[in-house]
Amino acid sequence: SKCANRMHKLLLNKKIQKYYIALTESSNKSFTEWTTCKNYMYRNKDKTIITSSSTRTSEIILNIKTLYNHGNYNLHLIDLITGKKHQIRAQLSNLGIPIIGDEKYNSKEFFNHDQIGLHSIFTKFIHPIKKIPVEIFDENCTPILEHLKIHSSDIQSLVKKNFLPQ
């Protein structure tokens, strides 16, 4: 369909903004301001490996901001710039803050059954036909909210007030 083709073009041209929340093991790393993380990565079987070399690798970029600290956990807002497979998981582990429940990328914390503490929370784009802004907020991140003992309306206001300036 015409709309599906145009949505595909938006995706290819990186005109769709996606934000994620990540529940990580607490550490001395807290990002009170938006911080850009740039690394190089390559894939080894089913795992993304972070490296300092730019030879035969892909550059990966994300922006991170800490939203909430609660005991042994931190909640971060992630603005994914490049979007490679397992990018967020690998980069946060490389920073020393693995996503809880993510054994593949060094988490020692159990989460919720076979889940990890990562959730796509907000998507924004210009409708390809109507040319109006579309914003989708997904508050169905119940396991993360329960872990932190916070309400979905609290997380929505926390996330929205911390978006990058457009």
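Quick note: numbers below take in every heavy atom, side chains included, and nothing from hydrogens, waters or symmetry partners.
A salt bridge links Asp46 to Lys104: one of the charged nitrogens lies within less than 4.0 Å of a carboxylate oxygen.
Looking at Ile136 and Phe125, their side chains come closer than 4.5 Å, going by heavy atoms from C-beta outward. Contact check for Tyr42 versus Thr51: side-chain heavy atoms found under the 4.5 Å cut-off. Side-chain contact between Ile100 and Ile116 is absent, with no heavy-atom pair separated by less than 4.5 Å. Within the 4.5 Å cutoff, the side chain of Asn69 has heavy atoms near those of the Ser30 side chain. At least one side-chain heavy atom of Met41 sits under 4.5 Å from a side-chain heavy atom of Arg43. Between Asp79 and Leu62 there is no side-chain heavy-atom pair separated by less than 4.5 Å. Within the 4.5 Å cutoff, side-chain heavy atoms of Ile21 are placed close to those of Leu77.
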- Item | Trace of the side chain to side chain contact (heavy atoms under 4.5 Å, CB included) decision for Asn63 with Leu80 | CA-CA 6 Å; Asn63 295 310; Leu80 191 59; over 6 Å; no
- Message: Ile97 vs Ile64, test: side chain to side chain contact (heavy atoms under 4.5 Å, CB included). Steps then yes/no.
- Response: CA-CA 12 Å; Ile97 51 171; Ile64 183 171; 4.2 Å; yes
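If you take CG on Asn39 and CD1 on Ile50, they are separated by 4.5 Å, rounding to the nearest 0.5 Å. Between Gln17 atom CD and Ile126 atom CD1 the span is 9.0 Å, to the nearest 0.5 Å. To the nearest 0.5 Å, atoms CD1 (Ile99) and CD (Glu109) are separated by 13.5 Å. In this structure, Thr57 OG1 and Ile49 CD1 are separated by 12.5 Å, a value rounded to the nearest 0.5 Å. If you take CG on Leu75 and CG on Leu23, they are separated by 6.5 Å, rounding to the nearest 0.5 Å. Interatomic distance, CD1 of Ile78 versus OG of Ser120, reported as 12.0 Å (0.5 Å rounding).
A donor-acceptor pair under 3.5 Å is formed between the side chain of Glu25 and the backbone N or O of Lys108. With hydrogens and angles disregarded, a donor-acceptor distance shorter than 3.5 Å links the side chain of Gln87 to the backbone of Ile61. In this structure, the side chain of Asn13 engages the main chain of Lys9 through a donor-acceptor pair within 3.5 Å. Side chain of Thr66 to main chain of Phe31: a donor-acceptor pair is present (N/O by atom type, distance under 3.5 Å, no hydrogens or angles). Panel note: side chain Ser53, backbone Thr55; a donor-acceptor pair is recorded below 3.5 Å. A donor-acceptor contact shorter than 3.5 Å links the side chain of Thr48 to the backbone of Lys85. Between the Ser93 side chain and the Tyr105 main chain, a donor and an acceptor come within less than 3.5 Å of each other.
For His119 and Tyr20, the ring centers are positioned 6.0 Å apart or more.
Residue Leu95 is grouped with residue Leu118 when hydrophobic side chains (ILVMFWY) are merged at heavy-atom distances under 4.5 angstrom, including chains of intermediate members.
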Donor-acceptor pairs are to be reported for all side-chain atoms of residues 127-134 against protein atoms at under 3.5 Å, with residues two or more places apart or in another chain.
unit_1, atom_1, unit_2, atom_2, d
His127, ND1, Ile129, N, 3.1
His127, ND1, Lys130, N, 3.0
Lys131, NZ, Pro128, O, 3.0

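Counting heavy atoms of neighbouring residues, nucleotides and ligands inside a 6.0 Å radius, atom NZ of Lys47 exceeds 12 of them. Atom CD of Glu103 has 12 or fewer heavy atoms from other residues, nucleotides or ligands within 6.0 Å.
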